[in-house]
Amino acid sequence: LNQSLAEKTKLGFSLQTSLNETKQALTTTESQLDSVHQSWQEQVQVMADKDAQLAELEGRVAELNAWMSESQREMATKSQAILDETEKRRKAEALLDAMQTEKMKQQGRLLAVMSSLKPLDSLKKKEDV
C-alpha cells in the first residue's frame with residue numbers, strides 16, 4: 001500500500017510537473033500569439049496609412065490630369081487663334097500686294113497719258129504765242 005501510495009505520489013508529481021510545463025508552454029504560446037497579433041495590427045495600420053497616401057496621390061493625379069486637359073484645350077484654342085490671325089494677315093498682305101500692283105499699273109497708265117499730253121501742251125503753248 002505504501003508502495004502504491006508512493007507510486008501514486010510520484011505519478012502525481014510527474015503529472016503536476018507535466019501540467020506546469022504545459023501551462024508554461026501555453027503561456028509562451030499566448031505571449032507569441034500576442035506578439036504576432038500586435039505585429040499584425042501594426043501591419044494593418046501601415047497598410048491603412050499607405051492606402052490613405054495612395055488615395056491622396058490619386059487625387060493629386062486626377063487634379064493634374066484635369067489641369068493638363070484644360071491647358072491642352074487652352075493651347076489648342078490659342079493655336080487656332082494664331083492660325084486664324086496668320087491666315088487673315090496672309091490674305092491682307094496678298095490684297096495689299098494686289099492693290100500696290102494695281103496702283104503701279106494705274107501710275108504707269110497715268111504717266112503714259114501725261115507723256116502723250118506733253119506734245120499737246122507744247123502745241124497749245126505755240127498757239128498762245
Side-chain angles (χ1 to χ4, degrees):
L1 189 66
N2 280 342
Q3 187 181 4
S4 176
L5 183 60
E7 287 176 5
K8 287 183 181 177
T9 302
K10 188 177 177 185
L11 182 61
F13 281 128
S14 178
L15 286 174
Q16 184 64 41
T17 302
S18 181
L19 180 62
N20 287 342
E21 288 172 356
T22 303
K23 283 183 178 179
Q24 183 61 40
L26 284 173
T27 302
T28 302
T29 302
E30 185 178 11
S31 175
Q32 290 171 341
L33 283 174
D34 286 346
S35 177
V36 167
H37 184 255
Q38 182 179 353
S39 176
W40 178 79
Q41 285 180 327
E42 289 170 359
Q43 290 300 318
V44 167
Q45 184 59 48
V46 166
M47 292 301 290
D49 292 345
K50 288 186 179 191
D51 284 346
Q53 290 173 348
L54 181 61
E56 182 182 345
L57 288 175
E58 287 173 342
R60 288 180 182 176
V61 166
E63 289 175 11
L64 182 59
N65 284 338
W67 176 81
M68 285 176 42
S69 293
E70 180 63 28
S71 293
Q72 287 174 341
R73 280 191 292 274
E74 288 176 8
M75 286 175 53
T77 301
K78 288 177 182 178
S79 294
Q80 189 59 49
I82 289 170
L83 289 173
D84 293 347
E85 188 62 32
T86 301
E87 182 62 18
K88 285 179 188 175
R89 184 171 291 149
R90 187 194 62 75
K91 287 180 180 178
E93 287 173 353
L95 180 61
L96 182 61
D97 286 346
M99 289 172 65
Q100 286 176 341
T101 301
E102 185 61 31
K103 180 181 174 185
M104 292 177 104
K105 285 180 185 177
Q106 289 178 1
Q107 284 177 344
R109 288 184 202 131
L110 182 60
L111 284 174
V113 168
M114 289 176 70
S115 293
S116 67
L117 292 178
K118 280 189 179 179
L120 292 177
D121 278 345
S122 57
L123 286 176
K124 189 176 179 186
K125 287 182 184 177
K126 287 182 185 177
E127 288 177 5
D128 288 342
V129 174

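Each residue takes its place number in the sequence, starting with 1. Values reported hereafter were calculated over all heavy atoms of this structure, with side chains retained and with hydrogens, waters and symmetry mates removed.
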In chain order, what residues pass the side chain to side chain contact (heavy atoms under 4.5 Å, CB included) check against Gln80, with sequence neighbours excluded?
-> Leu83, Asp84

Name all pairs fulfilling the salt bridge (charged side-chain N to carboxylate O under 4.0 Å, His left out) condition that reach into residues 67-78, sequence neighbours left out, sorted by first residue then second.
-> Glu70-Arg73

So the salt bridge (charged side-chain N to carboxylate O under 4.0 Å, His left out) pairs with at least one residue in residues 23-43 (sequence neighbours excluded) are none

Solution key, residues 87-98 side-chain donor-acceptor pairs under 3.5 Å, sequence neighbours excluded:
| unit_1 | atom_1 | unit_2 | atom_2 | d |
| --- | --- | --- | --- | --- |
| Glu87 | OE1 | Arg90 | NE | 3.3 |
| Glu87 | OE2 | Arg90 | NH2 | 2.6 |

Does any N or O in the side chain of [X] come within less than 3.5 Å of the main-chain N or O of [Y], such that one atom is a donor and the other an acceptor?
{"X": "Ser14", "Y": "Lys10", "result": "no"}
{"X": "Thr17", "Y": "Phe13", "result": "yes"}
{"X": "Ser39", "Y": "Ser35", "result": "no"}

I need the [X] [atom1] to [Y] [atom2] distance, nearest 0.5 Å.
{"X": "Leu19", "Y": "Glu21", "atom1": "CG", "atom2": "CD", "result": "10.0 Å"}
{"X": "Thr28", "Y": "Leu33", "atom1": "OG1", "atom2": "CG", "result": "11.0 Å"}
{"X": "Met114", "Y": "Arg109", "atom1": "CE", "atom2": "CZ", "result": "16.0 Å"}
{"X": "Leu110", "Y": "Ser115", "atom1": "CG", "atom2": "OG", "result": "9.0 Å"}

Asn65: side chain to side chain donor-acceptor pair (under 3.5 Å) partners, not counting sequence neighbours | none

Distance-only side-chain donor-acceptor flag, Gln24 / Asn20, under 3.5 Å = no

In residues 46-60, what donor-acceptor pairs under 3.5 Å come from side-chain atoms, sequence neighbours left out?
| unit_1 | atom_1 | unit_2 | atom_2 | d |
| --- | --- | --- | --- | --- |
| Asp49 | OD1 | Gln45 | NE2 | 2.9 |
| Glu56 | OE2 | Arg60 | NH2 | 2.7 |

